[in-house]
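Notes follow once the structure below has been shown.
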Amino acid sequence: DARLRQHDRQHAVLETVVEEDVAERGRDERPEAVVDEHRDALEIADAVRSNRHARRMLDGEYEKEIAWMSEGRACGARLDVLGSDFVTDLKTTSSAQPDWFMRNGARMGYHAQLDWYRLGATLATGRPIERAFIVAVEPEYPYVVTTFAIPGRTLDKARGLWRSWWERLRMCEASNT
């Protein structure tokens with residue numbers, strides 16, 4: 001009964017969002033395509049919420065905008081989730097298979113991104129943000145969800161990576177390149 005009420009609420013929200021989205025996009029977009037896109041998003045969200053590990057990693061403020069200063073530079077981010085002592089990034093991926101995702105995530109620098117977010121959230125909130133998580137979900141049925149807790153030693157190593165990017169940025173700015 002509660003699930004049915006939740007389902008009805010979601011579809012009422014879906015109809016409203018689709019109407020607004022179609023109005024924003026103009027008449028060039030087919031309303032059915034927009035409906036399908038939003039329906040897929042709801043199904044993906046249901047899959048993520050039904051994963052007990054993901055639910056814990058999503059317990060916080062969603063799409064939280066933060067701002068902080070680093071070495072005299074204004075920085076900012078929009079965090080997928082800011083929890084009491086953690087940040088979580090939600091990633092869609094062609095494969096949530098753990099070995100593949102970890103290799104791809106390392107190549108994409110997800111660990112460095114999360115450490116940067118962790119630093120920013122600590123500076124922006126004034127409280128220590130010590131943990132970082134990723135919730136990976138495949139955007140195709142059956143919407144496989146895999147969760148990752150990024151170990152502290154990985155985040156510490158990641159700091160060296162984003163610091164090298166930071167230094168490269170500063171060098172490029174100094175040389176105007």
Side-chain angles (χ1 to χ4, degrees), residues 13 17 20-21 23-26 37-38 40-42 44-45 47-49 51-139 145-177:
V13 169
V17 168
E20 291 170 0
D21 207 356
E24 275 183 32
R25 294 181 191 201
E37 183 179 307
H38 287 282
D40 289 348
L42 284 176
I44 291 167
V48 170
R49 279 192 297 267
N51 181 295
R52 66 184 172 93
H53 300 292
R55 272 196 312 272
R56 286 195 308 261
M57 295 174 179
L58 298 173
D59 184 21
E61 296 177 77
Y62 297 138
E63 296 199 8
K64 176 69 175 174
E65 289 191 30
I66 60 171
W68 70 97
M69 295 296 291
S70 184
E71 297 180 21
R73 174 185 296 276
C75 301
R78 177 177 288 150
L79 307 175
D80 289 341
V81 179
L82 174 60
S84 58
D85 70 339
F86 65 88
V87 293
T88 300
D89 211 23
L90 181 62
K91 300 285 190 191
T92 56
T93 178
S94 59
S95 174
Q97 192 279 333
D99 289 337
W100 183 89
F101 186 85
M102 288 189 303
R103 277 192 313 275
N104 187 59
R107 185 177 60 78
M108 300 292 286
Y110 291 164
H111 57 311
Q113 176 188 13
L114 278 165
D115 189 62
W116 173 251
Y117 288 167
R118 192 172 66 136
L119 169 72
T122 295
L123 293 172
T125 65
R127 66 180 192 263
I129 304 299
E130 298 173 352
R131 300 180 297 152
F133 304 114
I134 294 176
V135 175
V137 60
E138 296 176 9
V145 176
T146 307
T147 60
F148 301 88
I150 312 304
R153 67 184 178 281
T154 300
L155 293 168
D156 292 343
K157 288 180 185 176
R159 187 163 306 119
L161 181 57
W162 70 253
R163 292 285 312 159
S164 71
W165 297 338
W166 183 264
E167 290 307 315
R168 186 177 311 153
L169 170 66
R170 292 179 65 89
M171 288 172 42
C172 288
E173 287 177 337
S175 65
N176 203 26
T177 58

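Throughout, numbering of the chain's residues begins at 1 and tracks the sequence. Values reported hereafter were calculated over all heavy atoms of this structure, with side chains retained and with hydrogens, waters and symmetry mates removed.
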- Can you tell me if Gln113 and Trp162 form a side-chain donor-acceptor pair at under 3.5 Å?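 No donor-acceptor contact under 3.5 Å links the two side chains.
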Gap separating the [atom1] atom of [X] from the [atom2] atom of [Y], nearest 0.5 angstrom:
X	Y	atom1	atom2	result
Cys75	Leu119	SG	CG	8.5 Å
Asn51	Leu58	CG	CG	9.0 Å
Leu82	Arg127	CG	CZ	5.0 Å
Leu123	Met69	CG	CE	11.0 Å
Lys64	Arg78	NZ	CZ	11.5 Å
Ile134	Lys91	CD1	NZ	6.5 Å

Is the number of heavy atoms from other residues, nucleotides or ligands within 6.0 Å of CZ (Arg168) greater than 12? no
Write down the atom of [X], the atom of [Y], and the distance for their closest heavy-atom approach.
X	Y	value
Val87	Ala121	CG1-CB, 4.1 Å
Ser70	Trp166	O-CZ2, 3.5 Å
Glu130	Leu155	O-CD1, 4.4 Å
Ala96	Thr146	O-OG1, 2.7 Å
Ile129	Gly83	CD1-O, 4.3 Å
Ile66	Tyr117	CD1-O, 4.4 Å

Side chain to side chain contact (heavy atoms under 4.5 Å, CB included) between Thr88 and Asp80: does it pass, once the steps are laid out?
CA-CA 6 Å; Thr88 300; Asp80 289 341; 5.8 Å; no
Fill in: Glu138/Ser95 under side chain to side chain contact (heavy atoms under 4.5 Å, CB included): CA gap, chis, key distance, verdict
CA-CA 6 Å; Glu138 296 176 9; Ser95 174; 4.3 Å; yes
Asp99 versus Arg103: any side-chain heavy-atom pair under 4.5 Å?
yes
task: Decide yes or no on side chain to side chain contact (heavy atoms under 4.5 Å, CB included) for His111 and Leu161, but give the supporting numbers first.
output: CA-CA 9 Å; His111 57 311; Leu161 181 57; 3.9 Å; yes
Is [Y] paired with [X] through a side-chain N to carboxylate O contact shorter than 4.0 Å?
X	Y	value
Arg131	Asp85	yes
Glu173	Arg73	yes
Glu71	Arg170	yes
Asp156	Arg159	yes
Arg56	Asp59	no

Original post:
Ring centroid separation for Phe148 and Phe101, is it under 6.0 angstrom?
Top reply: yes
Identify which one of Tyr110, Trp165, Trp68 satisfies the ring pair (Phe, Tyr, Trp, His ring centres under 6.0 Å) criterion when paired with Trp116.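 Answer after filtering Tyr110, Trp165, Trp68: Trp68.
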Determine whether Phe133 and Leu114 satisfy the following criterion, side chain to side chain contact (heavy atoms under 4.5 Å, CB included), listing intermediate values before the conclusion. CA-CA 8 Å; Phe133 304 114; Leu114 278 165; over 6 Å; no
_Side-chain donor or acceptor of Thr147 paired with backbone N/O of Ala54 under 3.5 Å_ =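 Flag not set: sc Thr147 to bb Ala54 has no pair under 3.5 Å.
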